[in-house]
Amino acid sequence: MEISVGYPSLTIATGSLNAKYSGVAVQGDVLFPLLNSGLFSIDFDLSYRYTSLTNNASTAALAEWGQFNGLGTGVRFNYSYLFAGIDYQFMRGKHLKAGTVNELFEYDYNPTQWQAGLALPLSPVTSVVLGYSQILTTELTTQNQNIKLNEQIIWFKIQIDFGISFFNLLAPGDTFAPTRNSFFVQ
């Protein structure tokens, strides 16, 4: 399991306009080990993410906020302390523009996101993870506007290993077997 806090940077392009947003993102991941062979492993990843953003050009006369939340699923490839992965996400976006004209945009979109990082073990049970993720440029149409989204996030994560193998493709007999004697390692 991973608990994550991130610093997102989002660009929304609509024809001739580019809006840049920043804010905070929180995410929870559940990783199911699928294959484990020495230093190399593959995990199935389920995640939920919430992101809150403010337009960097917001003023007292015109301000914009964005919120995104949704689920993701994918695979993560691990080699020693390094990992890389790809996720497909089911996201819901909401933008509020407040000023002389108020507007609310709501939309669903399905971006593909790649991620990479470094997991540094603190103990056999916990690790600190520094990561980076980026969605592939995503195009969508909302309220007769074509929008391109590009998002990048720098992550700080805490990873907790509950010590159970989910489905080891190399050794099916080890499926659901404990990966250590006890959760509370001596």
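These numbers come from a predicted model, not from an experiment.
- Between the CG atom of D87 and the CG atom of L71 there is a distance of 11.5 Å, given to the nearest 0.5 Å.
- Connection of M91 to I86 is not established within any shared hydrophobic cluster, with ILVMFWY side chains joined at heavy-atom distances below 4.5 Å, either directly or through further cluster members.
- No continuous path of hydrophobic side-chain contacts links V26 to L53 [ILVMFWY only; heavy atoms under 4.5 Å].
- Counting heavy atoms from C-beta outward, Q134 and Q113 have side chains that stay 4.5 Å or more apart.
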Carefully, step by step, assess T51 and R49 under the rule side chain to side chain donor-acceptor pair (under 3.5 Å). CA-CA 7 Å; T51 305; R49 179 167 52 117; 3.2 Å; yes

Salt bridge (Lys or Arg N to Asp or Glu O under 4.0 Å) between E151 and K20, intermediate numbers included: CA-CA 10 Å; E151 178 186 62; K20 296 193 182 293; over 6 Å; no

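- When side chains are defined from C-beta on, L96 does not count as touching E103, because their heavy atoms never get closer than 4.5 Å.
- The shortest distance between side-chain heavy atoms of V128 and F156 falls below 4.5 Å.
- Between the side chain of N146 and the backbone N or O of T141, no donor-acceptor pair lies under 3.5 Å.
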Could you check D45 against F32 for side-chain contact (heavy atoms from CB on, under 4.5 Å), going step by step and ending with a plain yes or no? CA-CA 6 Å; D45 180 3; F32 297 98; over 6 Å; no

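- When side chains are defined from C-beta on, L120 does not count as touching V129, because their heavy atoms never get closer than 4.5 Å.
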Begin from the C-alpha positions of W155 and S133 and carry the test side chain to side chain donor-acceptor pair (under 3.5 Å) through to its verdict. CA-CA 8 Å; W155 293 103; S133 67; 2.9 Å; yes

E106/R92 under side-chain contact (heavy atoms from CB on, under 4.5 Å): CA gap, chis, key distance, verdict: CA-CA 7 Å; E106 293 186 80; R92 177 93 174 135; 3.3 Å; yes

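- R76 and L31 get closest at one heavy-atom pair: NH1-CD1, 3.5 Å.
- Considering only residues two or more places apart in sequence or on other chains, Y109 meets the side-chain hydrogen bond (donor to acceptor under 3.5 Å, both in side chains) condition with none of them.
- Placement of V30 and F44 within a single hydrophobic cluster is found when ILVMFWY residues are connected by side-chain heavy-atom separations under 4.5 Å, directly or transitively.
- Partners of N78 according to the side-chain hydrogen bond (donor to acceptor under 3.5 Å, both in side chains) rule, which considers only residues two or more places apart in sequence or in another chain, are S41, D43.
- Taking the six-membered ring for Trp and the full ring otherwise, the centers of F90 and Y88 sit less than 6.0 Å from each other.
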May I have the step-by-step check of side-chain contact (heavy atoms from CB on, under 4.5 Å) for Y107 and L140, ending in yes or no? CA-CA 9 Å; Y107 47 88; L140 60 106; 3.8 Å; yes

Could you walk me through whether Q115 and Y132 pass side chain to side chain donor-acceptor pair (under 3.5 Å), step by step? CA-CA 6 Å; Q115 60 179 320; Y132 174 84; over 6 Å; no

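- Nearest heavy atoms, I153 versus A25: CD1-CB, 4.2 Å.
- Between the side chain of T126 and the backbone N or O of P124 there is no donor-acceptor pair closer than 3.5 Å.
- Taking CZ from F77 and CZ from F83, the interatomic distance works out to 13.0 Å, rounded to the nearest 0.5 Å.
- When hydrophobic clusters are built by joining Ile, Leu, Val, Met, Phe, Trp and Tyr residues whose side-chain heavy atoms come closer than 4.5 Å, directly or via intermediates, W65 is not grouped with Y21.
- Between P121 and S127, the shortest heavy-atom distance links the atoms CA-OG, 3.5 Å.
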Start with the C-alpha distance between D29 and Q27, add both sets of side-chain angles, then the distance that settles side chain to side chain donor-acceptor pair (under 3.5 Å), and finish with yes or no. CA-CA 7 Å; D29 291 270; Q27 181 169 301; 2.9 Å; yes

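- Atom CZ of F40 sits in a crowded spot, with more than 12 heavy atoms from other residues, nucleotides or ligands closer than 6.0 Å.
- Taken from OG1 in T59 to CG in L62, the straight-line distance is 5.5 Å, to the nearest 0.5 Å.
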N/O donor to acceptor pairs below 3.5 angstrom from side-chain atoms of residues 3-12, sequence neighbours left out:
none

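- Separation of atoms NZ (K148) and CG (N18) is listed at 9.5 Å; rounding is to 0.5 Å.
- Residues Q67 and H95 form no side-chain contact, since every pair of their non-hydrogen atoms from C-beta on lies 4.5 Å or further apart.
- In terms of modelled atom types and a separation under 3.5 Å, the side chain of S123 and the main chain of V125 share a donor-acceptor contact.
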